[in-house]
Amino acid sequence: MKRMKRSLSSALAACLLAALVAGCSKKEEPAPPTPPPKKPSEPAKPSQPPAAAAVQKPVSSATRQANPFDFSKKTDPFKPYAPPAAQPPAAAQNQAQPNAAPAVPPADQLPIQSFEVSKFKVVGIIAGLRENRALLVDPNGKAYVVQQGMQIGNSNGRITKITAYGVEVVERVKEGTGRYRQRKIVLTLAKKR
């Protein structure tokens, strides 16, 4: 094996030496002369180096914005595309319908708190979990899953009990004398037909 490697390496060295000697003995031929440049029909303009394209636009500190993260002029991707429909003022609507719920709930209220409790319908009840839950639908058709202790209605009602047959809500109502009394409202599950 060692003899084969030695003979192979010596043969390779001999080939390289022969190629080197043969390459050095060749005479180089002169390159053909380059043709003279063609004369343009227009007079030649003084050559200017081409303007290098700026890699980055120079910015001075005077033109910088105070806050580079100002997104006030950007559109919010999470807002709905269609503009909201114009609604009549809440005061005019409440005068026309004194028992109706306000059209737009205040900022600190949830949508479930914008209707009277008696306007909700019980569509379903989920029993058997740790706590019973109920599915209520408001007059607009929006559904809510509620559980005991949640607030509901525009009179700050609180769900006190959910049974297999209905939902019990207690509201604190102010009487004409200035005292508060509790009013119990029971929303029953609609029976199957």
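Being a predicted model, the structure only gives us computed values, none of them experimental. Along the sequence shown, the residues carry numbers beginning at 1.
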> I need the Leu187 CG to Lys121 NZ distance, nearest 0.5 Å.
12.0 Å
> Check whether Leu110 and Val146 end up in the same hydrophobic cluster, where Ile, Leu, Val, Met, Phe, Trp and Tyr are linked by side-chain heavy atoms less than 4.5 Å apart.
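Result: yes, single cluster for both.
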> Looking at CZ of Arg181 and NZ of Lys174, how far apart are the two atoms once the value is rounded to the nearest 0.5 Å?
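Answer rounded to 0.5 Å: 14.0 Å.
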> Can you name the side chain to side chain contact (heavy atoms under 4.5 Å, CB included) partners of Thr188, sequence neighbours left out?
Val186
> Among all residues two or more places apart in sequence or in another chain, which pass the salt bridge (Lys or Arg N to Asp or Glu O under 4.0 Å) test with Arg179?
none
> Quick one: side chain to side chain donor-acceptor pair (under 3.5 Å) pairs with a partner in residues 124-133, sequence neighbours left out?
Arg133-Gln147
> Of all the heavy-atom pairs spanning Ser114 and Pro111, show the shortest one and how long it is.
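Ser114 and Pro111 have their closest heavy atoms at OG-O, 2.7 Å.
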> Indicate, with yes or no, if Val145 and Val123 share a hydrophobic cluster defined by side-chain heavy-atom contacts under 4.5 Å among Ile, Leu, Val, Met, Phe, Trp and Tyr.
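Same cluster.
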> Which atoms form the tightest heavy-atom contact between Gly149 and Arg158, and what is the distance?
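Answer, listing the atom of Gly149 first, then Arg158: O-NH1, 2.6 Å.
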> Quick check for you: to the nearest 0.5 Å, what is the distance between Glu168 atom CD and Ile159 atom CD1?
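Those atoms lie 11.0 Å apart.
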> Residues in side chain to side chain donor-acceptor pair (under 3.5 Å) with Gln182, at least two apart?
none
> What pair of heavy atoms forms the shortest contact from Ile112 to Gln151, and how long is it?
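Scanning both residues, the minimum pair turns out to be CG2-O, 3.8 Å.
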> Is it possible for you to say whether Val170 and Phe115 belong to one hydrophobic cluster, with membership spreading through side-chain heavy-atom contacts below 4.5 Å?
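Looking at the clustering, Phe115 is in a separate group from Val170.
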> Mark yes or no for whether Gln148, through its side chain, and Thr160, through its backbone, hold a donor-acceptor pair below 3.5 Å.
yes
> Tell me every residue that passes side chain to side chain donor-acceptor pair (under 3.5 Å) with Arg172, counting only those two or more places apart in sequence or in another chain.
none
> Which pairs would a plain distance check flag for residues 134-143, meaning a side-chain donor or acceptor within less than 3.5 Å of a matching protein atom at least two apart in sequence or in another chain?
unit_1, atom_1, unit_2, atom_2, d
Asp138, OD1, Asn140, N, 3.1
Asp138, OD1, Gly141, N, 2.9
Asp138, OD1, Lys142, N, 2.8
Asp138, OD2, Tyr144, OH, 3.3

